[in-house]
Amino acid sequence: MQKNKREATGGIISGALSLTISTVIVKILGLVYKIPLSNFLGDEGMGYFNSAYTVYAFFYLLCTAGVPKAVMILVSEAKAKGKAVEEEAIVRVASLAFLIFGSVITASFVTFSSPLSRFIGNEGARATMIAIAPSIIFISLAGVIRGYLSANLRLLDIAVSQIIEGVGKLALGLIFAILAIRRGMSVQMVSAFTILGVTFGAVAGLLYLFICSKNQLSKEKTEQNEEVAINNRAIMKRMLSISVPITLSAAVMSLTNIIDLTLIMRGLRGIGYTDVEASALYGNYTTLAVPMFNLAISLVTPISIAFLPTFTRARVCGNRELLSEALATALRLTSMIAAPLLIGMTLFSREILALLFGNSGVETGATLLCLLTPAIFFSSVLLCVNSALEAGGQVRAPVISMIFGSVAKIFVSSYLLTNSDFGISGAPIGTVISYAVALLVSGIIYLKKASISLPIIRSSLSPYIAAIISVMASRVFYSSVISRLGDMLSLALSILMAAVIYCILLLLTGNLSRAIFEKTAKYTKIPDKNYQLS
């Protein structure tokens, strides 16, 4: 029995780790994808590409933001109540609903692509919007299956599907781009052909997830054969009650990003930039700075995913102590990952961007990245707090916090972008303020509803101090050896040095210990199939 427990724990740790590693791989593929793409299209073309992608992200979130979490919460509830046989019905109902919804959203995106491109002030992005629209259908279905597999902690399967999507996007996207360039197409059409890789990558990832889900459902049927009355309408009602608020909270922030895009384009034109110059600055910001921020956030996201089933069980069982301890552990793990990323991207922003993208636009991109990095702290903590709120039944709380954050972002960005002393710098500053405000609001709601402490400072302080010390030491080392070793080798050695020092400091402060791993395994372990409410 002890051996089986060790095997289960090891499998879960491996699954969570594989999801993080796959995220790194996908983000690296994304960077590899954008490096030649930025050379093909230039800043102007990347402005079209990223403008279309920003609008697409809003429609994408409408179909995917709440789906995985809603399915994950419902399946986790079924397991906690000893009703695991309901899982197939949950997946079936969710798949049908979001197939229809995804199709409607795709059709709407295509139909309104022309007025949308005019609204954001970048009409050249219309063809790219149309080319990426079909992927929404396939990603909607993938979201349902990912939620189901996440509840069963089949994180390795999710990891593999993400890599398949990333490889498809990279390989096919670049092939389409080369073909479009060879045919002498315009920059706008090259951008459109390139983004088709996203659609085909989504199809490949969905096919793999479908196979994995069929295997898992077959396993569930084998283990439990009793007949259970299934109320599809009740499942749909419960799913919508969870997914709609979660989707709204994500949609609010995505809609704010579209508004932010409009503010950037119009604000920069208002202080003397031409359309091409404004698009180029937006392309620089969204190609160099924003992907690095997204990389950092994507690395901590698996933590909130892995802990969500435990947050749900704590609510179903009414166990406040379990919720408090699990959230503290999740916050500590989040800080251990986010801290070195935040400090490292701040102190080595220019060097990292120069290594990845060459020297084109790096000075501007590095400045914008430095201004954006504080948002890593606020956003990473917000992920954990909102997951705890959603699992605890407070699914509307993230909507409220995101609305407050979005309003703050609009006010700050609209003022700074039209101020010639700030210009494009107003965009990252507005983003930092928005996440800070959203975290403040979510934190207040959590303290009021849960009536237990929220140990953000206690969980974050020592990892961030360790990160500051290690990265600053590596920065001094980098400055002393760059003249002799060159940029690339000096940066690689400096990053390695920072990692070693950081790990040593985590060991000395007790953050990297056996107890932490045991807690992680405890709070990310699937209950036994005979688990019942106490």
Side-chain angles (χ1 to χ4, degrees), residues 9 12-13 16 66 68-83 147 150-153 155 238 241-243 245-246 249 300-338 378-401 438-461 511 515-528 531-534:
T9 299
I12 290 162
I13 293 175
K69 282 190 175 181
V71 174
M72 193 177 189
I73 290 171
L74 287 176
V75 172
S76 297
E77 286 178 351
K79 286 182 178 295
K81 295 176 181 178
K83 299 179 179 179
S150 295
N152 286 280
L153 290 180
L155 303 183
R238 175 70 174 138
S241 70
I242 297 172
S243 64
I246 295 175
S249 66
V300 299
T301 299
I303 296 174
S304 61
I305 292 175
F307 277 80
L308 195 144
T310 293
F311 295 154
T312 303
R313 292 203 307 274
R315 188 255 301 171
V316 172
C317 300
N319 193 334
R320 293 167 60 189
E321 182 180 354
L322 173 62
L323 175 61
S324 178
E325 292 182 356
L327 181 56
T329 303
L331 287 171
R332 184 177 297 276
L333 291 172
T334 296
S335 296
M336 288 167 59
I337 296 174
F378 298 114
S379 182
S380 61
V381 175
L382 183 65
L383 279 171
C384 291
V385 176
N386 280 352
S387 287
L389 286 170
E390 291 159 354
Q394 303 299 325
V395 291
R396 293 179 178 85
V399 181
I400 298 172
S401 66
L439 176 58
L440 176 62
V441 175
S442 285
I444 292 173
I445 295 174
Y446 177 85
L447 291 173
K448 182 179 179 179
K449 297 296 183 180
S451 300
I452 53 178
S453 63
L454 187 59
I456 296 176
I457 296 178
R458 175 163 53 87
S459 301
S460 305
L461 186 59
N511 286 284
I516 293 295
F517 287 111
E518 288 177 348
K519 283 185 177 181
T520 302
K522 174 184 177 183
Y523 296 133
T524 55
K525 182 177 184 292
I526 300 176
D528 294 335
Y531 176 87
Q532 296 289 336
L533 291 175
S534 56

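Atoms considered below: every heavy atom in the structure, side chains included; atoms not considered: hydrogens, waters and symmetry mates. For the single chain, residues carry numbers from 1 onward in sequence order.
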Worked verdict on K69 versus S387 for side chain to side chain contact (heavy atoms under 4.5 Å, CB included): CA-CA 9 Å; K69 282 190 175 181; S387 287; 3.5 Å; yes

Side chain to side chain contact (heavy atoms under 4.5 Å, CB included) assessment of L327 paired with C384: CA-CA 7 Å; L327 181 56; C384 291; 4.1 Å; yes

Worked verdict on T312 versus E77 for side chain to side chain contact (heavy atoms under 4.5 Å, CB included): CA-CA 7 Å; T312 303; E77 286 178 351; 3.6 Å; yes

Derivation of the side chain to side chain contact (heavy atoms under 4.5 Å, CB included) call for T334 and L383: CA-CA 9 Å; T334 296; L383 279 171; over 6 Å; no

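Of all non-hydrogen atoms in V381 and I456, the two that sit nearest each other are CG1-CD1, 3.7 Å. Among all heavy-atom pairs drawn from P245 and V399, the shortest one is O-CG2, 2.7 Å. Scanning all heavy atoms of the two residues, the minimum distance from Y446 to S453 falls at CE2-O, 3.8 Å. The two residues V71 and G147 make their nearest non-hydrogen contact at CG1-C, 3.8 Å. Of all non-hydrogen atoms in V300 and S380, the two that sit nearest each other are CG2-CB, 3.8 Å. Residues S459 and A328 approach most closely at OG-O, 3.6 Å, considering heavy atoms.
At least one donor-acceptor pair under 3.5 Å links the side chain of S401 to the backbone N or O of P398. Formation of a donor-acceptor pair under 3.5 Å by the S324 side chain with backbone atoms of E321 is not found in this model.
A distance of 7.0 Å separates CG in L389 from CD1 in I445, rounded to the nearest 0.5 Å. Residue I242 holds its CD1 atom at 5.0 Å from CD1 of I73, rounded to the nearest 0.5 Å. In this structure, OG in S442 is found 13.5 Å from CZ in F378, a value given to the nearest 0.5 Å. M72 CE to E390 CD: the interatomic distance, rounded to the nearest 0.5 Å, is 11.0 Å. Separation of atoms CG (L323) and CZ (F311) is listed at 6.5 Å; rounding is to 0.5 Å. Distance check, rounded to the nearest 0.5 Å: CG of N386 to CG of L439 gives 8.5 Å.
With sequence neighbours excluded, the residues satisfying side-chain contact (heavy atoms from CB on, under 4.5 Å) with S379 are F293, I297, Y435.
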